[in-house]
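Here the structure is laid out as structure tokens; the discussion comes afterwards.
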Amino acid sequence: TQLLEQSPQFLSIQEGENLTVYCNSSSVFSSLQWYRQEPGEGPVLLVTVVTGGEVKKLKRLTFQFGDARKDSSLHITAAQPGDTGLYLCAGMNRDDKIIFGKGTRLHILP
Amino acid sequence: ETGVTQSPTHLIKTRGQQVTLRCSSQSGHNTVSWYQQALGQGPQFIFQYYREEENGRGNFPPRFSGLQFPNYSSELNVNALELDDSALYLCASSFIVGTPHEQYFGPGTRLTVT
């Protein structure tokens, strides 16, 4: 069974600080996606990474796919209260189905 | 272009009953996937429909079943409801099967089983 482990589970930091959250697996994924989910809503896709070592930037968010395509990280620079939410990583497995991690719940304090 | 919609938004059922949840996919999309998200967990894949056929299934019992219609909308049916079926049920639509395709999620249906 392919699993995605996300860490930390919870993170609470002050506005303006930087942070990194992680998504790790012992399995290789053909692609990996990051989503943000707010209470009462469905996940919203932030980025898809496909190539090992790939780095993508979305404003203050930087996403990296590990060289071996087993792990990924999300770095947020100068966090803002609007970044608060549940960050989910999801990988596409051998059967082309998407497997989600349990998420990192991020809270940015104003 | 309309997004993914789901109905109802909230539902309360009694153990043993049956429930049907509905999803309208985003225009231009031909694939619908259903997920169950328990409180504090990530979404778990239930099944996917493509061209009105089931195209893969997660680790869920047969009492979870689905349909996809010619207009690509979809239903999730759950029979013999159990307390553990209480969760947020998410529908996601996409265009291409078998690629790192982008999925767009609906707001979900919150099911409570008492």
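Just so you know, these numbers come straight off a predicted model, no measurement behind them. Below, chains carry the letters A, B, ... as their sequence lines are ordered, and counting in each starts from 1.
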* **Crowding at CG, B:N59 (>12 non-hydrogen neighbours, <6.0 Å)** => no
* **Pairwise side-chain contact, A:I98 with B:S33, heavy-atom cut-off 4.5 Å (strictly under)** => no
* Joint cluster assignment, A:L61 & A:F65, ILVMFWY side-chain distance < 4.5 Å -> yes
* Structure fact -> Pair count under 4.5 Å, heavy atoms only, with chain B: among A:K102, A:Q9, A:Q37, highest is A:K102
* Asked: With respect to chain B, which residue among A:G40, A:G103, A:G42 yields the maximal number of heavy-atom pairs within a distance under 4.5 Å?
  -> A:G42
* To do: Give a yes or no on whether A:E41 atom CD has more than 12 heavy-atom contacts from other residues, nucleotides or ligands under 6.0 Å away.
  => yes
* Asked: When heavy-atom pairs shorter than 4.5 Å are enumerated against chain A, which of B:G40, B:P107, B:P43 gives the highest number?
  -> B:P43
* B:Q103 and A:Q33: side chain donor to acceptor below 3.5 Å -> no
* Hey, is CG on B:L83 packed in by over 12 heavy atoms from elsewhere, all under 6.0 Å? -> yes
* **Hydrophobic cluster membership, B:F60 vs B:L21, 4.5 Å side-chain cutoff** => yes
* What is the minimum heavy-atom distance between B:G42 and A:L88, and which atoms define it? -> CA-CD2, 4.0 Å
* To do: Under 4.5 Å heavy-atom distance to chain A, tell me which part of B:Y104 shows up: side chain, backbone, both or neither.
  => neither
* Asked: Taking atom CZ of B:F47 as the centre, does the number of heavy atoms from other residues, nucleotides or ligands within less than 6.0 Å exceed 12?
  -> yes
* To do: Hey, could you give me the OH/CZ distance between B:Y35 and A:F100, rounded to the nearest 0.5 Å?
  => 5.0 Å
* Exceeds 12 heavy-atom contacts within 6.0 angstrom, atom CZ of B:R63 -> yes
* Heavy-atom distances under 4.5 Å only: say whether B:Q37 touches chain A with side chain, backbone, both or neither. => side chain
* Asked: Under a 4.5 Å heavy-atom cut-off, does chain B meet the side chain of A:L32, its backbone, both or neither?
  -> neither
